[in-house]
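Taking it in order: structure first as structure tokens, then the write-up.
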Amino acid sequence: MTQIDETHDPQATSWIEGVDGHAEFPVQNLPLGVFSPPGGGKRGGVAIGDLVLDLSAVAGLLEREASDAARLASGETLNALFADGNAAADALRKGIFRLLTDSSSQREVDPALIPAGDCRLHLPFAIGDYTDFYTGIHHATNVGKQFRPDNPLLPNYKYVPIGYHGRASSIRPSGGDVRRPQGQRKSPDGDTPVFGPSQRLDYELEMGIWTSGSNKLGSDIKIAEAAEHIAGLCLLNDWSARDLQAWEYQPLGPFLAKNFHSTVSPWVVTSAALAPFRIAQPPRPEGDPAPLPYLLDAEDQMHGAYAIEMEVRLLTQRMRDAGQPAERLSKGPMTSMYWTAAQLVAHHTVNGCNLQPGDLLGTGTLSGEARDSFGSLIELSQGGKAPLTLANGETRSFLEDGDEVIMTARAVRDGYRAIGFGECRGRIAG
Ligand code: CA
């Protein structure tokens, strides 16, 4: 588990104006991403306040290990930086922290800082594979109840971290339009399906886990080592067409209902940045089975969860036209995961499946217990039976054209400077 060090000191300050009070990207965060500056090509960068630090431009100012890491991160993806695990990124973090807190570096570093608003942000990794899990126990229960009121969780849920292989090619960074998917749907009383645009388009509030390092095909990553294979986290919106899903998912699981588009926040909030926010995995309810030995590690149970608050806001076309702000639909903690991130890594590889640097693992929709923390519209509107009424009088069961979904998250813990993830935003284009 990554240690707490000088880079987490809540008193640390930067010589860059506006950084110390920044809600998301103070000097304690230093998330990594890939951006293009105006007129320039893709390269690695660090978010600091409302600026982006161009890593290729400061590699020469860093000590050897950090300098090598900055060069690895200067290409079009971060895959090379995380190829051998987190050590290179950890060295880079310490080096960048020194540059941005020591004012004697100011003259040399200033030209490498670019206003974030002028930059284009890209996917941080060339994503080899994307797997989506289903760890949100309240979500699984809420959705399960709609189909099986007396038996919402299937018998495997508390033994196996349930997941399926998603589609990497349709993952996009925050900000783009999402085309409403077409497909087959069948109403419960219809004899045959109809074809057309999805009528029950939804979002799913998830965290994404970026993997680092790799394991050889045929080998596994033990639970005790799994945390070292987590490069960092992002927000993930797993857009879902519920009507397509209901018709197609049996017997092999989701397909076209899920793979038309997924959106991630572009900054990788690293495992090192998140070290102060690791908390105990909430104990399982009495009577639940203990995880099987290959999924159980005392250290992971003690520090395997994250103190992260997640939020979803909705901006409809009518709000946009009226100049109104987006309305919050939910806010909840990441601790509703029944399995830890490390358990997902260990489980994914226990059969010998090989993970590669820059793979993306979704946690599954993370809903809290209370209604104001539900992470999808199918839960908030009870499958469309109880539409939401928004402050401006509009109602929603599912997403309409022009609706923009904005997800944010912050890691917050007493005694530490809170850090944020930036936005995961997408608009339904119709
Ligand atoms: Ca999902």
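Just so you know, ligand 1 is whichever comes first in the structure, and atom 1 is the first atom listed for that ligand. Here, residue 1 is the first one in the sequence, and each next residue gets the next number.
- For the pair OE1 of Glu204 and OD2 of Asp132, the angle whose vertex sits at the Ca ion (ligand 1) is 160° to 10 degrees.
- In terms of distance to the Ca ion (ligand 1), the nearest N, O or S atom of Glu206 is named OE2.
- Under the 30°/60° scheme for interplanar angles, the aromatic rings of Tyr134 and His139 are found to stand perpendicular.
- The N, O or S atom of Asp238 lying closest to the Ca ion (ligand 1) is OD2.
- Looking at every heavy atom in both residues, Ala168 comes nearest to Gly128 through CB-O, 4.1 Å.
- Arg179 and Asp177 are not joined by a salt bridge, as no carboxylate oxygen comes within less than 4.0 angstrom of a charged side-chain nitrogen.
- In this structure, Arg278 is positioned above the aromatic face of Tyr306, its NZ or CZ under 6.0 Å from the six-membered ring centre and within 45° of the axis.
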